[in-house]
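Labels below follow one simple rule: chain letters A, B, ... track the order of the sequence lines, proteins then strands, and each chain is numbered from 1. The structure presented is a predicted model; accordingly, all values stated were derived computationally and were not measured.
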2 protein chains.
Amino acid sequence: MTDTDQPAGSGEEFIPPAHMATLSDVAREAGVSLATASRSLNGSSRTVREEYRQRVLAAAHRLNYSANHSAQAVARGTSQTIALIVSDIADPYFSSIASGVMRAAEDQGLVVTMSITERRPEREAELVRAMRGMRPRSLIMVGSRRNDPRASRELEAELAAYERSGGRVTMIAQPTMAFRTVAIGNVGAAAELAGQLVGLGYRSMAVLGGPEQLLTARDRVEGFVGRCAELGVEIHQRRIVHGDFTRDGGFVAAAELHRRDFADVDLVFAVNDVMAVGAMAYFRTAGLVLGRDLAIAGFDDIETLRDVSPALTTVALPLQEIGRTAVELALEAGNNHRVVPIEGSVIIRESTPRRT
Amino acid sequence: MTDTDQPAGSGEEFIPPAHMATLSDVAREAGVSLATASRSLNGSSRTVREEYRQRVLAAAHRLNYSANHSAQAVARGTSQTIALIVSDIADPYFSSIASGVMRAAEDQGLVVTMSITERRPEREAELVRAMRGMRPRSLIMVGSRRNDPRASRELEAELAAYERSGGRVTMIAQPTMAFRTVAIGNVGAAAELAGQLVGLGYRSMAVLGGPEQLLTARDRVEGFVGRCAELGVEIHQRRIVHGDFTRDGGFVAAAELHRRDFADVDLVFAVNDVMAVGAMAYFRTAGLVLGRDLAIAGFDDIETLRDVSPALTTVALPLQEIGRTAVELALEAGNNHRVVPIEGSVIIRESTPRRT
DNA sequence: CTGTTAGCGCTTTCAA
DNA sequence: TTGAAAGCGCTAACAG
């Protein structure tokens with residue numbers, strides 16, 4: 001029973017400063033049918049007479065019309081949205097990837113909605129569930145998988161349900177689930193780093209691992225320790241200390257290591273740059289001169305951390321590109337579950353000078 | 001003409017592995033009306049008999065039902081979305097604010113869609129336009145305003161149109177437009193910093209300013225230089241060099257300053273931490289020992305940069321809280337255009353030791 | 001308290 | 001090509 005439903009005969013009534021112009025408003029203003037307006041504005045190819053098109057465009061402009069995405073999504077049965085779930089957007093690792101995702105999404109005309117798990121694994125399934133409500137074309141999850149069967153099962157079930165209902169899941173993580181995934185070669189890169197470090201003459205190393213169940217952290221430790229062992233450099237369990245995947249985690253872990261068994265350690269490998277920086281802070285307060293008394297290496301090559309001194313030896317990951325790749329993968333047709341491997345590259349800097 | 005429209009009489013036909021359960025599916029499965037299903041699932045308060053409620057809930061669970069947000073938005077005439085526009089999510093300043101925004105939004109049960117301008121001012125109006133399509137409850141823009149009348153006018157027009165159509169705009173920036181805004185006290189904090197630095201004995205300072213039209217950068221320079229002048233410490237124009245608001249911008253500006261007029265400079269103030277770090281990198285390569293030969297100060301107190309050495313004197317901004325405040329402001333009723341001021345606090349660290 | 005029935009804004013057959 | 005009309009999935013009067 002709105003005014004707009006009145007027969008055309010009622011004519012020229014005053015139209016109040018419209019709140020938000022609808023397609024009908026535009027159609028009426030242009031003197032064409034709803035269908036024609038739709039076709040000229042958002043429809044498919046050239047099936048509308050040019051003169052009408054122009055009239056509709058002009059009307060839309062005059063009314064400051066902006067198509068209602070929700071209504072389009074309902075009518076079309078598909079949205080223009082990508083859902084992105086990250087652990088912690090304030091962490092530079094995630095924000096760089098997110099940046100890549102958003103740029104790529106925009107190139108495709110997609111809107112991205114983002115949510116954060118605050119590093120709480122239970123939240124992952126919850127968030128996926130919540131995001132399903134938006135019927136996103138695709139759902140990208142970035143963040144390490146965990147060795148937590150219960151949470152993993154729940155998450156996987158939720159994701160599978162989403163895929164069954166027509167969505168596409170893309171993980172940026174370990175390829176532990178049957179979904180499209182951008183797989184970061186943590187093991188290999190960590191091994192390569194270990195190899196180069198041994199090559200530089202280090203023989204007595206320690207590792208600052210992340211949380212024990214975090215697969216990313218685990219893989220990096222494994223790759224590093226494994227290659228060392230292959231090269232005849234054993235790293236004793238006592239010299240692997242775990243901590244949070246954060247700056248403070250690095251600081252605390254370094255302190256623990258220092259207290260525990262530090263006699264002849266010549267190099268400390270922290271499984272990410274953020275932890276490495278925390279560790280550096282600790283060692284400095286402990287009176288060590290980094291790069292001279294002790295070498296240190298990280299992982300990720302975080303941009304904002306490239307100027308710490310001594311400059312940090314690390315493994316560079318193409319973070320932005322990883323995000324972009326995830327979007328491409330997410331948009332691929334078919335229901336393949338392709339895995340795209342991403343390699344890191346070792347960068348030796350001043351924090352690990354050649355041992356003499 | 002879908003199968004579901006057939007009269008109930010057709011009974012027990014095989015229902016294929018449903019793609020995505022709809023409310024009707026749930027209602028049918030529970031043996032109640034659409035309305036009852038809606039009420040039990042997403043509706044208002046207790047107006048449904050408990051037994052029915054349970055039946056609906058069970059059915060929904062069995063069918064793995066997830067309400068279609070778009071459809072709800074269309075039917076209700078209002079979405080559960082907040083649009084967030086930032087300059088560059090890979091920059092820690094923005095990602096911290098974004099983090100605060102997202103946490104707060106989630107507490108309110110809102111979804112946030114995010115887009116980045118890539119620091120190109122022309123994109124702002126464009127993005128606002130694009131975002132309007134989602135009919136977000138509120139639109140939060142974070143990023144410095146510019147002294148660019150043309151772009152500003154366009155942006156303001158677009159934002160005003162959005163508000164006229166029922167949305168709420170919240171700026172995290174200078175209160176240069178008539179919208180709700182979280183105003184960061186750049187001038188005052190920079191002045192306070194200058195005061196403390198003069199108190200520490202510095203008398204010959206230089207400034208690394210950001211882009212000339214960026215109001216944030218400008219305000220910080222102004223506040224700093226102004227207070228210095230009040231205290232009898234003049235900073236000559238030649239000693240104010242502008243550069244990008246990035247690490248590299250800081251590096252380049254430092255080099256330029258060094259080349260230009262560096263005779264007795266005892267302190268360099270970079271208008272943000274990221275630039276400060278770039279400048280530090282430059283000065284280090286130039287052979288200066290920071291904290292001894294030259295003092296340096298920044299602005300923002302970026303978390304990941306707290307461990308550079310020497311530790312950077314700076315102005316701490318409650319970034320996460322700023323984001324949270326923006327959401328609160330955005331959700332306030334009425335069409336006030338309230339301005340919430342945010343103060344920074346000076347933190348003196350090793351990079352600016354007392355001059356003796 | 002429950003069910004019927006109009007919408008919401010837009011797309012898309014289907015005829016004309 | 002254009003327009004009428006039937007949906008899309010859901011909410012919200014409005015009767016019962």
Between [atom2] of [N] and [atom1] of [X], the distance in whole Å:
X: A/Arg53; N: D/dT2; atom1: CZ; atom2: P; answer: 11 Å
X: A/Arg28; N: C/dG9; atom1: CZ; atom2: C1'; answer: 13 Å
X: A/Leu63; N: C/dG9; atom1: CG; atom2: P; answer: 14 Å
X: B/Asn68; N: C/dC8; atom1: CG; atom2: C1'; answer: 13 Å
X: B/Asp25; N: D/dC8; atom1: CG; atom2: C1'; answer: 13 Å
X: A/Gln80; N: C/dG9; atom1: CD; atom2: P; answer: 20 Å

Side chain of A/Thr22 only, heavy atoms from C-beta on: which candidate in D/dT2, C/dT2, C/dC10 is closest?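 Looking only at side-chain atoms, A/Thr22 lies closest to C/dC10.
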
Do B/Arg145 and B/Glu124 sit within salt-bridge range, that is, some charged N less than 4.0 Å from a carboxylate O?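 Yes, charged N to carboxylate O under 4.0 Å.
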
Between B/Arg324 and B/Glu328 (salt bridge meaning N to carboxylate O under 4.0 Å), is one present in this structure?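 No, this pair does not count.
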
Can you give one letter per nucleotide of nucleotides 11-16 of chain D, going 5' to 3': B for a protein heavy atom under 4.0 Å from the base, S for sugar-phosphate only, - for none? SBB---

Could you verify whether a donor N or O on one side chain and an acceptor N or O on the other, from B/Arg137 and B/Thr78, lie under 3.5 Å apart? yes

Return yes if a side-chain donor-acceptor contact under 3.5 Å exists between B/Asn64 and A/Arg164, otherwise no.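 Note: B/Asn64 and A/Arg164 side chains miss the donor-acceptor criterion.
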
Considering all heavy atoms of both residues, which atom of A/Thr181 and which atom of A/Met177 are nearest to each other, and what is their separation? CG2-O, 4.2 Å

Need to verify one output field. Residue with the more 5' nearest nucleotide on DNA chain C, B/Val74 or B/Tyr52? B/Tyr52

Does C/dT2 have OP1 or OP2 sitting under 4.0 Å from an N or O in the side chain of B/Ser33?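 For C/dT2, OP1/OP2 do not have a side-chain N/O of B/Ser33 under 4.0 Å.
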
What pairs meet the side-chain hydrogen bond (donor to acceptor under 3.5 Å, both in side chains) rule with one or both residues in residues 95-106 of chain B, with sequence neighbours excluded? A/Glu118-B/Arg103, A/Arg123-B/Glu106, B/Ser99-B/Arg103, B/Ser99-B/Gln320

